[in-house]
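Encoded as structure tokens, the structure appears first; notes follow it.
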Amino acid sequence: MAPKYVVTGGAGFIGSTIVRALLREGASRVTVIDNFSTGSEENLTQVRAGIELHRIDIRETKEVEAIPRGAKAVFHQAAIPSVPRSVSEPELCHGSNIDGTFSVFTAAQRAGVGRVVYAASSAAYGNNPELPKRETMLPEPMSPYAVQKLVGEYYASAFAACYGLETVCIRYFNVFGPRQDPKSPYSDVLSLFLDAALAGRAPMIFGDGEQSRDFIFVEDVARLNLLAAKAEGVSGRVFNGGTGGRITVNEAWRTIARQLGVHLDPTYAPPRTGDVLHSQADISQTRRALGFEPQYDFADGIAQTIQWIKTYERAAA
Ligand SMILES: NC(=O)c1ccc[n+]([C@@H]2O[C@H](COP(=O)([O-])OP(=O)(O)OC[C@H]3O[C@@H](n4cnc5c(N)ncnc54)[C@H](O)[C@@H]3O)[C@@H](O)[C@H]2O)c1
């Protein structure tokens, strides 16, 4: 029988990309668990026939038992993925990001799931200026969100050590690509740039724009998840999910503006307090243990994202 997979947060940006990647790889059954709080059913429209969709809040422990017995892997993506929201609504985010994660691990262990791949975050590294970020660095969480995502990692390793549940954590860096919601106030800088360029507006950049990020295309993140579900001898471990490179915010704007044929200079505002200056993953462990090699460079990923936005907007018009 073909293996069964579960994606929590499967109606979200990254989760829905993992769902597609699983179906492309020939998965016969993909169960999606989502409460549509930040994700949407629209993200799954084209693959609706290939999935089993459960509107479930992962904080409802009982309901998470929708995880099918003997599933090969659970890709746990459900979370409220926002630093500012975790500051303004810490209780709500704690509920989904910590209590919900605990429910998912518990249900996965009871259902005899083969492995849980957990969406962790590079927010764990906080303001430590050392580059590139290595998984062995001491975490320095600076926000409730960073703490919440780290607690998920710690639960992953505890479930692996105490209950024999196989777990792998991937600390995503700055993920971008189709289906990232540019309208969300918590949207990533690239979504905001794309939105501005398409509307013919100059973007606002906080600081001098020379801050840099390890931007990773969402298809690479999905492939990395699939590799993490299969790799041997990696249970209980944490891996960086980045490209190993970094792009400045100014370069990011120039790439987007060039591809859209826009000639606008950004406006600059004072830097935001607490913003990390640079971020870059060391992916040597990810390469070695999971066999991961990014397949998209930044310009490729932006081109695919623009293509998707244009197609989607034409379809929506
Ligand atoms: N986007 C990034 O750059 C990034 C970076 C680091 C980590 N992450 C992590 O990756 C994961 C996916 O993030 P994303 O960018 O796709 O965000 P997203 O908001 O698009 O996806 C999150 C999904 O989880 C669902 N969800 C939230 N709370 C839930 C609950 N209580 N019960 C059931 N479903 C719930 C939402 O409806 C949504 O579909 C998150 O765990 C996030 O913390 C993302």
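Whatever order the structure lists them in is the order used to number ligands and atoms, beginning at 1. Predicted model, so just to flag it, every value in this text is computed and none were measured.
- The shortest N or O to N or O distance between Ile33 and ligand 1 is not below 3.5 Å.
- Between Leu150 and Pro139 the shortest heavy-atom distance is CD1-CB, 3.5 Å.
- Interface atoms of ligand 1 facing Phe36, defined by a heavy-atom separation under 4.0 Å, are 37 (O).
- In terms of protein heavy atoms, atom 39 (O) of ligand 1 is closest to Asp34 OD2, 2.6 Å.
- In the candidate list Gly152, Gly95, Ala79, Gly100, Ala79 is nearest to atom 22 (C) of ligand 1, counting heavy atoms.
- Atom 36 (C) of ligand 1 has as its closest protein heavy atom Thr38 OG1, 3.1 Å.
- Where the criterion is an N or O separation shorter than 3.5 Å, residue side chain and backbone included, Lys149 meets it with respect to ligand 1.
- At the shortest separation from atom 32 (N) of ligand 1 among protein heavy atoms lies Ile58 N, 2.9 Å.
- Under the 30°/60° scheme for interplanar angles, the aromatic rings of Phe193 and Trp253 are found to stand perpendicular.
- The N/O atoms of Pro81, backbone and side chain alike, include none that comes under 3.5 Å of an N/O atom in ligand 1.
- Near Gly39, the atoms of ligand 1 lying under 4.0 angstrom from a non-hydrogen atom of the residue are 36 (C), 37 (O), 38 (C), 39 (O).
- A salt bridge does not link Glu219 with Arg20: none of the charged nitrogens is closer than 4.0 Å to a carboxylate oxygen.
- At the shortest separation from atom 21 (O) of ligand 1 among protein heavy atoms lies Gly12 CA, 3.5 Å.
- No donor-acceptor pair closer than 3.5 Å links the side chain of Glu52 to the backbone N or O of Arg29.
- Evaluated by nearest non-hydrogen atom to atom 3 (O) of ligand 1, the leading choice among Ile56, Asp188, Val175 is Val175.
- Relative orientation of the Phe159 and Tyr163 rings is tilted, given thresholds of 30° and 60° on the angle between their planes.
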Given His76 and Thr101, is the side-chain hydrogen bond (donor to acceptor under 3.5 Å, both in side chains) satisfied, shown in steps?
CA-CA 8 Å; His76 176 38; Thr101 292; 2.9 Å; yes

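- The distance from ligand 1 to the heavy atoms of Ala11 drops below 4.0 Å at these ligand atoms: 39 (O).
- The single protein non-hydrogen atom nearest to atom 5 (C) of ligand 1 is Phe173 O, 3.4 Å, given as residue, atom name and distance.
- Under the rule for a salt bridge (charged side-chain N to carboxylate O under 4.0 Å, His left out), the partners of Asp57 that lie at least two apart in sequence or sit in another chain are Arg59.
- Of all protein heavy atoms, the one closest to atom 11 (C) of ligand 1 is Gln77 O, 3.2 Å.
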Ring pair (Phe, Tyr, Trp, His ring centres under 6.0 Å) between Phe215 and Phe173: does it pass, once the steps are laid out?
CA-CA 7 Å; Phe215 291 111; Phe173 279 65; over 10 Å; no

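- Looking at ligand 1, you won't find any N or O of Ser121 less than 3.5 Å from one of its N or O atoms.
- Of all the heavy atoms of Arg179, none lies under 4.0 Å from any atom of ligand 1, so neither backbone nor side chain is involved.
- Between Ala120 and ligand 1, not a single N/O pair is under 3.5 Å apart.
- For the pair Gly15 and ligand 1, the shortest N or O to N or O distance does not fall below 3.5 Å.
- Counting only heavy atoms of the protein, atom 30 (C) of ligand 1 lies nearest to Asn35 ND2, 3.3 Å.
- Counting heavy atoms only, Tyr172 comes closest to atom 10 (O) of ligand 1 of the residues Tyr172, Phe215, Phe13, Phe75.
- Distance alone, capped at 3.5 Å, places no donor-acceptor pair between the Arg171 side chain and the Gly242 backbone.
- Below 3.5 Å of separation, one finds no N or O of Ser40 facing any N or O of ligand 1.
- Considering both main-chain and side-chain atoms, Asp57 comes within under 3.5 Å of ligand 1 through a nitrogen or oxygen pair.
- Residues Asn250 and Thr248 have side chains that never bring a donor and an acceptor to within less than 3.5 angstrom of each other.
- A salt bridge links Arg110 to Glu65: at least one charged side-chain nitrogen sits closer than 4.0 Å to a carboxylate oxygen.
- An N or O contact shorter than 3.5 Å links Tyr145 to ligand 1 by distance.
- Within the 4.0 Å heavy-atom criterion, neither part of Asp181 lies near ligand 1.
- The closest protein non-hydrogen atom to atom 16 (O) of ligand 1 is Ile14 N, 2.8 Å.
- For the pair Arg115 (side chain) and Ala231 (backbone), a donor-acceptor distance under 3.5 Å is present.
- Side-chain contact annotation: Asp214 with Ser279, donor-acceptor N/O pair under 3.5 Å absent.
- Each side chain to side chain donor-acceptor pair (under 3.5 Å) pair with one or both residues in residues 229-241, not counting sequence neighbours, appears once here: Glu25-Lys230, Tyr125-Asn240, Arg237-Gln285.
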